[in-house]
Amino acid sequence: MSRLTATVGARIQSIVYGSSSAAELADELRLTTEIDLAHLVMLAGRGLIGAEDAAALVRAIERMRAEDFRSLHGVPTPRGLYLAYEQALSGELGAETGGRLHTGRSRNDLKATATALRLRTELHDLISELTRCQAVLLARARAHRDTVMPIHTHYQAALPVTYGYYLAGVALALGRDISALRRCVDDLDRCPMGASAVAGTDLPIDPARTARLLGFAGPPRHALDAVASRDGALHALAAAAGAALTLSRLGTDLQLWSSAEFGFVTFPDRLVGGSSAMPQKRNAFLLEHVKAKAGAVIGAWTAAAATTRSTPFTNSIEVGTEAVGAVRPGLRAVLDGTVLARALVGGARPVPERMLARAEDGFVGATALANRLVRQGVPFRTAHELVGGAVRRAVERGGTRLTAEDLPAELRDTELSMPALVAEQRFGAGPGEFDRVFGSVRADLEDHAGWLGAVRERWGGAAHELAGAVAALVKEGTPA
């Protein structure tokens, strides 16, 4: 900075650095100052800053935090908010003290660390909400384990299942999305602090100490990678997009099933909207929001990936600022969509009579009939053709269900009970194995909940350790 004697104009400054609201300014600086406090504790511990200077900086930083950084409202930021904040510290404490804060680091590793801290928190929040949604799916699955309905392939009734079995399947898929997001948090567990500008530093810092105080598992493994890479953001968006896609497919089914033509599910008035022109309408419009959120996060990933493409593998504004800028809106879209999906799954009410009637009228027991012939020794393809012919005869006479006169002789005494057919599908993880399937998904849910609790505990422990170390630093550096 000492080489520069001029800066950009106001309009370009606004484009490059943005114009933060008071809340946004406080949000950014609270994260920055958390890193600063850990950095000061480390510097003092290594003897790179005197106790009195460290204590003075800590007191000044904590005063700013206590006032939500009001003293920085309206302060010019010709080179960005961070330098304006650092200059404010030097203005208050003098350059001899304020100028020591940045020892052994760069804005590059500082910004990468802030990105990792913010991203891991946002991912934790998203995983928490997705886990709550998975819990609601499982609760509704258990409640409707015996509610028989047809499942469709190619939009045609295919086989008998239950509404609870369907919901358990969605919960299982969502659990894999949660697992992918958990891996993203685990991949963020190396603190970039210590990487400095791009190649570490010759000052005897202790990056492991800083990392521990900020709740990371360890320091950077490679300085260049620590400041060059934001693949954690791309992986997070990709995993979040997976969850959004799962919920969008759930939304499509529920919207279709809530139509008058299906009539499988209904929603209470609080979850539907009316029409400005058609008084009979009950639009399940919230499902359209759920489906649309997937597009928002896919767009965010596309923007971030396209911005990162072909950039040099080093510190880069394109990657660290522009590409990362797409992350928060993308993750927020998925979080919002998850909240909506949870409310809709919890509020949806199946119509068992309609579901069962459609299963009985849809010939969905035909496969079971063919399999009964197979158990009698008939080759499957022959059995398939015999039952297919029976369905054809029923349709030709205008029927919607198979009767004894339609069936081959070997099956004329067969009764088709839909609940019984569901129960018979107990191989290959079919609905007849509901208890085992449900137990497996519930175990996944419990694992996710345990992981969330362990992460919260570890981060909380680090925050407690940092607070204690900061208090000790102030006490040591305060003259008697």
Side-chain angles (χ1 to χ4, degrees), residues 7-35 69 72 77-85 106-127 181 184-185 187-188 191-193 195 197-198 225-244 292-338:
T7 187
V8 298
R11 186 173 184 184
I12 294 178
Q13 178 184 322
S14 176
I15 293 171
V16 173
Y17 299 116
S19 52
S20 300
S21 66
E24 291 168 334
L25 180 147
D27 179 59
E28 181 176 345
L29 286 178
R30 191 160 294 279
L31 200 56
T32 299
T33 53
E34 181 182 352
I35 300 169
F69 306 97
L72 292 175
T77 56
R79 302 192 194 282
L81 179 59
Y82 171 76
L83 286 179
Y85 148 74
S106 163
R107 275 194 297 177
N108 297 352
D109 59 347
L110 175 62
K111 188 169 185 179
T113 302
T115 297
L117 284 171
R118 178 178 288 113
L119 183 55
R120 75 180 190 182
T121 299
E122 291 171 344
L123 288 175
H124 186 277
D125 291 345
L126 177 56
I127 291 169
L181 287 162
C184 293
V185 176
D187 287 344
L188 290 167
C191 180
M193 288 298 290
V198 73
D225 173 65
V227 298
S229 298
R230 295 296 188 277
D231 54 341
L234 285 172
H235 295 162
L237 284 173
K293 297 301 182 184
V297 67
I298 291 169
W301 182 89
T302 302
T307 304
T308 302
R309 175 189 174 276
S310 299
T311 55
F313 193 74
T314 183
N315 183 66
S316 168
I317 295 294
E318 292 163 272
V319 176
T321 299
E322 295 289 353
V324 169
V327 175
R328 297 188 80 180
L331 294 181
R332 183 70 201 188
V334 183
L335 181 69
D336 291 346
T338 305

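Model, not experiment: these values are computed from the prediction.
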Roughly how far apart are Tyr85 OH and Thr33 OG1, rounded to 0.5 Å? 5.5 Å
Please tell me if the side chains of Lys293 and Thr338 come closer than 4.5 Å, counting only heavy atoms from C-beta onward. no
What's the spacing between Leu25 CG and Arg30 CZ if we round to 0.5 Å? 11.0 Å
Heavy-atom closest pair (Leu234 atom, Trp301 atom, distance to 0.1 Å) is O-CD1, 3.3 Å
Val297 and Ala240: which non-hydrogen atoms are nearest, and at how many Å? CG2-CB, 4.2 Å
Which atom pair, heavy atoms only, marks the closest approach of Phe313 to Ala228? C-CB, 3.8 Å
Interatomic distance, Thr308 atom OG1 to Asp231 atom CG [nearest 0.5 angstrom]: 9.5 Å
If you take all heavy atoms of Ala112 and Ala226, which pair is closest and at what distance? CB-O, 3.7 Å
Within 6.0 angstrom of Arg332 CZ, more than 12 heavy atoms from elsewhere: no
Nearest heavy-atom contact between Ala114 and Leu31 is O-CD2, 3.3 Å
Can you find a heavy atom in the side chain of Leu123 that is under 4.5 Å from one in the side chain of Leu188? yes
Counting only N and O atoms by type, is there a donor-acceptor contact under 3.5 Å from the side chain of Ser316 to the main-chain atoms of Glu318? yes
Answer yes or no: is there a side-chain heavy-atom contact under 4.5 Å between Asp125 and Leu331? no
Would a 4.5 Å heavy-atom cut-off, applied to side chains only, mark Thr314 and Val227 as touching? no
List for me each residue that meets salt bridge (Lys or Arg N to Asp or Glu O under 4.0 Å) alongside Arg120, sequence neighbours excluded, and say none if there are none. none
Separation of Leu126 CG from Cys184 SG (nearest 0.5 Å): 10.0 Å
Sort out for me which residue in Ile35, Asp109, Thr113, Leu117 forms a side-chain contact (heavy atoms from CB on, under 4.5 Å) with Cys191. Thr113
For the side chain of Asp336 and the backbone of Ala333, is there at least one donor-acceptor N/O pair under 3.5 Å apart? no
Can Lys111 and Thr321 be counted as having a side-chain donor-acceptor contact under 3.5 angstrom? yes
For a side-chain contact (heavy atoms from CB on, under 4.5 Å) check, start with the C-alpha distance between Leu335 and Glu122, then their side-chain angles and the critical distance, and finish with the verdict. CA-CA 9 Å; Leu335 181 69; Glu122 291 171 344; over 6 Å; no
Minimum side-chain heavy-atom gap Tyr82-Glu28 below 4.5 Å: no
Please find the pair of heavy atoms, one from Asp27 and one from Arg118, that lie closest to each other, and give the distance. OD2-NH2, 3.8 Å
